[in-house]
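What you see is a predicted model; the values in this text were computed from it and never measured. Every chain is numbered from 1, with letters handed out A, B, ... down the list of sequences.
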Amino acid sequence: MPELPEVERFKNFVDRTSLHQKIAFAKLAETDRLFDISAKDLIHILEGNEFEDTYRHGKFLFIRLKRKGYLMLHFGMTGELYYRDPDEKSPKVYVLLIRFENGRNFLFADSRGFGMIAWVHSIEEFIKKRGYGEDALLIDQDSFIRLFRKRRVAIKTALMNQNIIAGIGNEFSDAILFQTKIHPLSNSGKLTIDQFTDIFHAMKKILKESVSHDADRNKLNHYFLLNQRQAGLACPRCEGKTEWQTIGGRSSYFCPSCQKSYQ
DNA sequence: TGACTTGTTCAAAT
DNA sequence: GATTTGAACAAGTC
């Protein structure tokens with residue numbers, strides 16, 4: 001599922017394929033996932049325009065347009081990008097199709113429809129208005145600790161809350177907490193400065209490494225619970241076995257023997 | 001057949 | 001007002 005590293009991969013994909021080409025035409029499927037602008041206005045803005053540059057904040061991708069603002073894409077659970085020749089096989093169902101003047105198609109597909117498309121005038125304004133936290137790769141240690149110390153929810157729930165920090169989802173939160181031997185149900189406010197410091201460094205390390213491997217999960221097999229997510233697995237660190245529990249409305253996997261809970 | 005999965009938002013509760 | 005909780009959404013997999 002697209003968390004921060006996958007969105008970084010989409011950003012690199014756009015950089016590699018789609019910048020500085022004139023948009024011949026744009027087509028938007030009927031969708032209720034378009035925000036802050038009408039389909040007609042968005043298409044009007046896109047046609048004749050060019051992608052100039054890209055930015056990522058948490059799980060949001062912003063594509064700066066040569067003329068007027070940014071196209072914002074959020075990938076939900078199943079969002080994907082394609083850049084294809086017209087005669088190349090490409091998904092039949094898509095949310096947004098952009099044809100460049102060179103004849104190639106840029107496609108945003110999203111089979112489960114949890115993604116989002118918007119047009120924004122300013123990235124800062126968008127983030128502020130919706131209350132998203134700082135990006136997980138950019139936040140500094142002191143701010144990180146200050147934010148999490150005052151929360152009274154499960155540490156996993158806090159890590160996944162995009163309004164505290166942006167970019168961590170269900171799978172990375174489990175992997176980070178396994179690394180630090182902290183039970184996902186631990187009360188965030190009850191952890192020590194040392195524990196927050198550990199979580200902070202584990203988070204940066206896993207995210208950076210994942211980004212450097214283009215979000216290829218197969219290259220991150222040494223991070224337990226990132227790819228193998230099921231109950232009853234042998235813990236690589238102790239004699240324990242993984243357990244499943246719903247935390248913050250999401251499936252969580254952890255080792256109850258070596259991940260200690262702090263309440 | 002149906003339980004389970006994901007990220008985000010929203011409304012209700014505290 | 002701030003924070004927390006949990007339901008809702010779609011559709012693919014097992």
Nucleotide by nucleotide, nucleotides 6-13 of chain C touches protein heavy atoms under 4.0 Å in the pattern (B base, S sugar-phosphate only, - none) --BBBBB-
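In summary, of the residues considered (A:R56, A:K11, A:R217), a salt bridge (Lys or Arg N to Asp or Glu O under 4.0 Å) with A:E6 occurs for A:R217 alone.
A 4.5 Å side-chain heavy-atom check between A:T197 and A:F144 finds every atom pair outside the cut-off. Proximity of A:R9 to A:N12: side-chain heavy atoms (C-beta onward) are nowhere separated by under 4.5 Å. Inter-residue side-chain proximity for A:K208 and A:S210 is flagged as unmet; no heavy-atom pair is nearer than 4.5 Å.
Contact check, A:W244 against B:dA3: no side-chain N or O comes under 4.0 Å of OP1 or OP2. For B:dT8, the OP1/OP2 oxygens have a side-chain nitrogen or oxygen of A:H74 closer than 4.0 Å. Residue A:K150 places none of its side-chain N or O atoms closer than 4.0 Å to OP1 or OP2 of C:dA2.
The CZ atom of A:R229 sits 17 Å away from the C1' atom of C:dC14 (whole-angstrom rounding). If you measure from atom CZ of A:R130 to atom C1' of B:dC10, you get 12 Å, rounded to the nearest angstrom. To the nearest angstrom, P of C:dT3 lies 18 Å from CE of A:M160. Rounded to whole Å, the distance from CD on A:Q162 to C1' on B:dG7 is 8 Å. B:dT8 atom C1' lies 15 Å from atom CZ of A:F75, rounded to whole Å. Rounded to an integer number of Å, the gap from CG of A:D36 to C1' of B:dT9 is 14 Å. Taking atom CZ on A:R149 and atom C1' on C:dT3, their separation rounds to 18 Å, with Å as the unit. Taking atom CD1 of A:I247 as the reference point, atom C1' of C:dT4 lies 16 Å away to the nearest angstrom.
Taking the six-membered ring for Trp and the full ring otherwise, the centers of A:Y55 and A:F60 sit at least 6.0 Å from each other.
Taking the side chain of A:E3 as heavy atoms from C-beta on, and the options B:dG7, B:dT8, C:dT4, the nearest nucleotide is B:dG7.
Residues A:E209 and A:Y223 bring a donor and an acceptor atom of their side chains to less than 3.5 Å of each other. Donor-acceptor pairing under 3.5 Å is lacking for the side chains of A:N102 and A:K22.
Here A:M116 lies in heavy-atom contact (under 4.0 Å) with sugar-phosphate atoms only. A:R33 comes within contact range of no nucleotide atom at all, as no heavy-atom separation falls under 4.0 Å. Among the protein residues, A:Y132 comes within range of the sugar-phosphate backbone only, with heavy atoms under 4.0 Å from sugar or phosphate atoms but none that close to a base.
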